[in-house]
Protein chains: 2
Amino acid sequence: MQAVKVLEIKQSVFADNDEQARLLREELKKKKVFLLNLMSSPGSGKTTTLTRTIEALRDEFKIGVMEADIDSDVDAKTISQTGAKAIQLHTGGMCHLDAEMTRQGLEGLDTEGIELAILENVGNLVCPAEFDTGAVKNAMILSVPEGHDKPLKYPLMFSICDVVLVNKIDVLPYFDFDMEKCREYVKMRNPNATIIPICAKTGEGIDQWADWLRGQVKAWREA
Amino acid sequence: MQAVKVLEIKQSVFADNDEQARLLREELKKKKVFLLNLMSSPGSGKTTTLTRTIEALRDEFKIGVMEADIDSDVDAKTISQTGAKAIQLHTGGMCHLDAEMTRQGLEGLDTEGIELAILENVGNLVCPAEFDTGAVKNAMILSVPEGHDKPLKYPLMFSICDVVLVNKIDVLPYFDFDMEKCREYVKMRNPNATIIPICAKTGEGIDQWADWLRGQVKAWREA
């Protein structure tokens, strides 16, 4: 595997994260960089989904990926094999990224020429939901083995996400996962959320997800 | 389902959590209450494992359970059906419990007569690892669908756990999970960690886990 750049993220000094996020979003708009914030529990398949997403959209957009982790650089190495520009962000034990930390990541990535930047946030359903990263859209992955009750237990995460990818649908026969209840609970938290069942491993549903993301990028550019 | 007590936990005011944890551990020792802190990602099977644990040990120990969650009381309801004393703790959005918050939970539970108290921490591999709850032992569940690489990505969690339960081994055939690599990575973080493969759904491995826990309680009582 090729070496990847690893950036040690510094803790933010800004008290008003919402204002920092607003400023970052404005800047990115001027630079025409669409930022997607991708969140989930540990092990729900963020990196595999990202790999599939890049494969589906790399001919249309120049893509850059920031892989945030407390430690290790395995995810950025995996992503860099797709040909996308990738950087590993180390949070130094911090459980989320806020807007200023995301800005550090974007500077490390260098967004010159990048049209679609994706932040793979720290695997955690609690803290990342509390901090606006400056992204245009928030996406989250809920995997089938985690159970359909997660929107009941992590309300904020589901209420701030524009799209919920229900991943690992290939193992639905082996788990007590009720897709209808899942939809109902997600809609309870956020009636406007789009829900897309996928299997990142086999590629099922990735077309629909790529369509959604393509549509968001185009609508935002034209707005 | 019967109604369960729900306690809204207040944020701690103590700066020195390690000192609070030490004091709580001393107090619990005097009261002969063994406290176990159980941690994992969302959806890895904490509550099902707890149900099995109670079934295996309820004839030997009087058990009390604190179910910490940001919201909802589904877990405490499930646990109360086992006959164990159960209380739901709401963290009000907080991503972990520290020693003072655990003390609030124990007071709400009322440990009079309880020999084994179990705290089901918030589903999160990051923040709970940073705060000593005052527990005698830390246990964590890593479920097969999450992947064997988690000790690489969440080093602190694996380094502070005395025992790692590898849950959902019934679905091993459907996932690329390498048990040997898992053992190797866990041992890299904590050479003294005990690793027990289980399936909480079918009960496989629960005997071994109950043996471990029984042994810990007895050794601590006699120390």
Side-chain angles (χ1 to χ4, degrees), chain A residues 40-48 67-75 78 88 90-96 120-130 140 142-159 167-168 170-177 185 189 201, chain B residues 40-48 67-75 78 88 90-96 120-130 140 142-159 167-168 170-177 185 189 201:
Chain A
S40 84
S41 295
S44 64
K46 285 190 294 302
T47 310
T48 311
E67 290 286 338
D69 244 324
I70 291 171
D71 207 341
S72 98
D73 60 358
V74 289
D75 290 343
T78 306
Q88 184 77 48
H90 279 179
T91 68
M94 281 179 287
C95 51
H96 66 275
E120 185 182 317
N121 217 311
V122 181
N124 182 334
L125 291 189
V126 187
C127 317
E130 294 170 27
M140 75 143 325
L142 171 66
S143 65
V144 163
E146 295 171 63
H148 56 253
D149 63 345
K150 290 300 154 292
L152 300 180
K153 296 187 177 180
Y154 302 89
L156 186 61
M157 174 56 76
F158 287 86
S159 69
N167 192 24
K168 307 191 187 179
D170 58 325
V171 295
L172 272 168
Y174 314 114
F175 290 90
D176 304 322
F177 187 96
Y185 294 156
R189 298 307 182 194
K201 201 169 156 185
Chain B
S40 83
S41 294
S44 63
K46 285 189 293 302
T47 310
T48 311
E67 289 287 337
D69 243 325
I70 292 172
D71 208 341
S72 98
D73 60 358
V74 290
D75 290 341
T78 306
Q88 184 78 48
H90 279 177
T91 67
M94 281 178 288
C95 50
H96 67 276
E120 185 181 320
N121 216 311
V122 180
N124 183 334
L125 291 189
V126 186
C127 318
E130 293 170 27
M140 76 143 322
L142 171 65
S143 65
V144 164
E146 294 171 64
H148 56 255
D149 62 346
K150 290 299 155 290
L152 300 181
K153 295 186 177 180
Y154 302 90
L156 187 60
M157 174 57 76
F158 288 86
S159 69
N167 192 22
K168 308 192 186 177
D170 59 324
V171 295
L172 273 169
Y174 314 114
F175 290 91
D176 304 321
F177 186 95
Y185 294 157
R189 297 307 181 195
K201 201 169 157 186

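In the text below, chain A, chain B and the rest are named by the order of the sequence lines, each starting its count at 1.
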Quiz item: Partners of A/K168 by salt bridge (Lys or Arg N to Asp or Glu O under 4.0 Å), sequence neighbours excluded?
Solution: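 Not a single residue meets the salt bridge (Lys or Arg N to Asp or Glu O under 4.0 Å) criterion with A/K168.
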Practice problem: Select one option (side chain, backbone, both, neither) describing which atoms of B/P145 are under 4.5 Å from chain A's heavy atoms. | Solution: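 For B/P145, backbone and side chain are both near chain A.
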Practice problem: Applying side-chain contact (heavy atoms from CB on, under 4.5 Å) between A/P42 and each of B/S44, B/S41, B/S143, report the one that passes. | Solution: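 Passing option: B/S41.
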Practice problem: Check the pair B/C127, A/N124 against side-chain contact (heavy atoms from CB on, under 4.5 Å), reporting the backbone distance first and the verdict last. | Solution: CA-CA 9 Å; B/C127 318; A/N124 182 334; 4.1 Å; yes
Self-check item: Residue pairs fulfilling salt bridge (charged side-chain N to carboxylate O under 4.0 Å, His left out) with at least one residue in residues 144-153 of chain B, sequence neighbours excluded
Solution: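 Listed once each, the pairs are A/D75-B/K153, B/D149-B/K153.
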Exercise. Measure the spacing between CG of A/L152 and CG of B/D69 and express it to the nearest 0.5 Å.
Key: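 It is 9.5 Å, given to the nearest 0.5 Å.
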Exercise. Take A/V171 and B/F175 through the test side-chain contact (heavy atoms from CB on, under 4.5 Å) and record every step on the way to the result.
Key: CA-CA 9 Å; A/V171 295; B/F175 290 91; 3.7 Å; yes
Quiz item: Side-chain contact, heavy-atom cut-off 4.5 Å: B/H96 with A/V126?
Solution: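 Answer no - side chains too far apart.
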